[in-house]
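Residue numbers begin at 1 in each chain, while the letters A, B, ... track the order of the sequences.
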Amino acid sequence: MSVRFGLTLLLLAAVQSGAALAHHSTAMFEPERRITLNGTIKEFQWTNPHAWIQVSVLGADGKPADWSFECGSPNTLSRLGWKPSTLKPGDTIAIVANPMKDGTHAGLMYTIKLADGRMLGPGAASTEAPAR
Amino acid sequence: MNSARRPVMVGRMLAAALWIWAGTTAAQSLPRAADLPDWSGAWTRSTGAFYESTAEQALEPPPPADSPRRKPPYTPKFEAIYRDNLARIAADRFPDPISVCGTPAGWPRLLALPDAYEFVTRPEQTWVLTENGPNVMRIYTDGRSDPAPGDFWATYTGYNVGRWEKDTLVFRSLGLKGVGSTILARTGLVMSDKLETTTRIRLIAPDRLLVTTVLTDAEALTRPWPVAFTYSRLPPGSTVYDYACAENNRNPITSDGRTLTLDSGGRVIDKIE
């Protein structure tokens, strides 16, 4: 990766960390609190205006529950190294997100750790090379 | 005349006179396409937001959250509107107009969007295209004049008439929609439909564009309010994508301004009292 590419990615990561703010109020999320959940990918919606990650998470009662995690737009994500194939149904992940204030099973994605150890998301320290 | 508003009025009259004089001298010759600066490719915002900034400050870190630069010099009427907006934000009743897919961000808010930008220059016209939205802004440099009062109506991106001053595009924007239709930022900042802006765009490095815009608003502001943004050119060959907001909008707005969240099946998942 060239220095220029790297600088561009850093700029993107800095500015786009608020990318999910682009389309609607985020008053439903807790801005100061983050939760970490382990689960299995059910669906990855690579769609505008936001990509969404549907995750099955085992609850305290041992039963699986569906969670929805909102991301930036595919356009933003693609420039930060994401692809439509980055997440597949059945993948095990650990996700960090700002939860919804009302306790609903949803949140604003901050980082996601893939099964191979890669970290992605606006809160990740590094990103993959951009898809071109 | 209210003494508090006299500086605004005098400033606007002087700015308009200078604008007309400069425009009549510049309108006589269009630049050649080959003489226009190279703004090709895709760009992304790298610094700036809606807080008061000089061109130099645009390159500095953002001002602290409690900085007076964060808030425009509002008139009492718009100070009250702003404070009401803050209360509405706290209650999740300050919906973003662009959450209704198809509603443009408008000018000058489109300066502060995520995703890619394109600045397409032609001698007679420049287009600012934003991937997010998308938004299309047309800036006419073909020698035309501003429309006469009564000959135009408010639109999201307004009427933008300008000229090239060597490597700098200078243009004036008027006929803009205001509070009730557009916002400047989701922090509660709004302007009135009296808003007019004067904007300068130029390269400050081969891959860095500086945009400075001075907002004047006889109804909302007690003095002109300058803001500045910079944009960095994305790697050569970067693709600018579709942005179809209605493709999978899982955040509809209620009639009272609350933003909802839908599950993957389209059902509201918020706990609504």
Side-chain angles (χ1 to χ4, degrees), chain A residues 1-2 4-29 42-55 66-70 72-80 100-108 122 129-132, chain B residues 42 44-49 88-96 98-101 105 112-116 131-133 186 207 230-253 257-265 268-273:
Chain A
M1 183 188 301
S2 70
R4 186 176 154 199
F5 259 44
L7 287 173
T8 302
L9 279 180
L10 281 176
L11 279 172
L12 275 169
V15 173
Q16 310 289 18
S17 60
L21 302 178
H23 172 255
H24 62 85
S25 161
T26 52
M28 70 285 280
F29 300 118
K42 287 189 70 177
E43 184 183 8
F44 183 31
Q45 296 183 338
W46 185 258
T47 54
N48 279 304
H50 297 280
W52 287 83
I53 305 170
Q54 302 301 134
V55 183
D66 290 347
W67 283 72
S68 298
F69 295 99
E70 183 173 337
S73 73
N75 309 0
T76 299
L77 295 176
S78 71
R79 296 192 183 98
L80 296 174
M100 286 185 67
K101 291 174 181 171
D102 66 4
T104 299
H105 286 175
L108 184 63
R132 299 183 63 195
Chain B
T44 192
R45 180 168 57 98
S46 45
T47 64
R88 293 171 65 197
I89 290 169
D92 188 12
R93 293 296 186 277
F94 186 68
D96 190 327
I98 65 172
S99 297
V100 179
C101 293
L113 297 176
D115 300 328
E131 181 182 56
N132 190 282
R186 213 172 286 142
D207 296 317
T230 67
Y231 303 82
S232 294
R233 196 167 349 221
L234 291 169
S238 291
T239 300
V240 177
Y241 294 97
D242 194 11
Y243 182 92
C245 172
E247 181 182 22
N248 184 29
N249 180 17
R250 290 173 57 174
N251 297 102
I253 307 295
R258 180 174 176 177
T259 305
L260 299 176
T261 304
L262 308 182
D263 69 11
S264 58
V268 175
I269 57 177
D270 308 76
K271 293 184 175 73
I272 300 175
E273 305 81 22

Using atom types as modelled and distance alone, determine if a side-chain donor or acceptor of [X] lies under 3.5 Å from a backbone N or O of [Y].
{"X": "Asn248(B)", "Y": "Ala51(A)", "value": "no"}
{"X": "Glu247(B)", "Y": "Thr47(A)", "value": "no"}
{"X": "Asp102(A)", "Y": "Lys271(B)", "value": "yes"}

- Task: Give the member of His105(A), Met28(A), Gln45(A), Met100(A) that has the highest number of heavy-atom pairs under 4.5 Å with chain B.
- Result: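 Winner by heavy-atom pair count: Gln45(A).
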- Name of the residue among Thr44(B), Leu234(B), Thr239(B) meeting side-chain contact (heavy atoms from CB on, under 4.5 Å) with Arg79(A):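 Testing each of Thr44(B), Leu234(B), Thr239(B) against Arg79(A), the sole residue satisfying side-chain contact (heavy atoms from CB on, under 4.5 Å) is Leu234(B).
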- Looking at Thr261(B), Asp263(B), Val100(B), which makes the most heavy-atom pairs under 4.5 Å with chain A?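 Among the listed options, the one with the most contacts to chain A is Thr261(B).
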- Heavy-atom pair count under 4.5 Å with chain A, highest-scoring of Ala244(B), Pro95(B), Ala246(B):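 Result: the option with the highest number of such pairs is Ala244(B).
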- Task: Apply side chain to side chain donor-acceptor pair (under 3.5 Å) to the pair Ser68(A) and Arg250(B), showing each step before the final yes or no.
- Result: CA-CA 11 Å; Ser68(A) 298; Arg250(B) 290 173 57 174; 3.0 Å; yes
- Query: So do Asn251(B) and His50(A) actually touch side chain to side chain, heavy atoms under 4.5 Å?
  - Reply: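 Of all side-chain heavy-atom pairs linking Asn251(B) with His50(A), at least one is under 4.5 Å.
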- Distance (rounded to the nearest 0.5 Å) between Asp115(B) CG and Ser73(A) OG: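 Between Asp115(B) CG and Ser73(A) OG, I get 3.5 Å after rounding to 0.5 Å.
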- Task: Counting only heavy atoms closer than 4.5 Å, note whether Ile89(B) contacts chain A via side chain, backbone, both or neither.
- Result: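 Contact with chain A: backbone only.
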- What part of Ser264(B) lies closer than 4.5 angstrom to a heavy atom of chain A: side chain, backbone, both or neither?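 Backbone plus side chain of Ser264(B), per the 4.5 Å heavy-atom cut-off to chain A.
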For the student: nearest non-hydrogen atoms of [X] and [Y], plus distance:
{"X": "Ser78(A)", "Y": "Tyr241(B)", "value": "OG-CE1, 3.8 Å"}
{"X": "Asp96(B)", "Y": "His24(A)", "value": "CB-CA, 4.3 Å"}
{"X": "Pro49(A)", "Y": "Cys245(B)", "value": "CD-O, 3.0 Å"}
{"X": "Ala106(A)", "Y": "Ile269(B)", "value": "CB-CD1, 3.9 Å"}

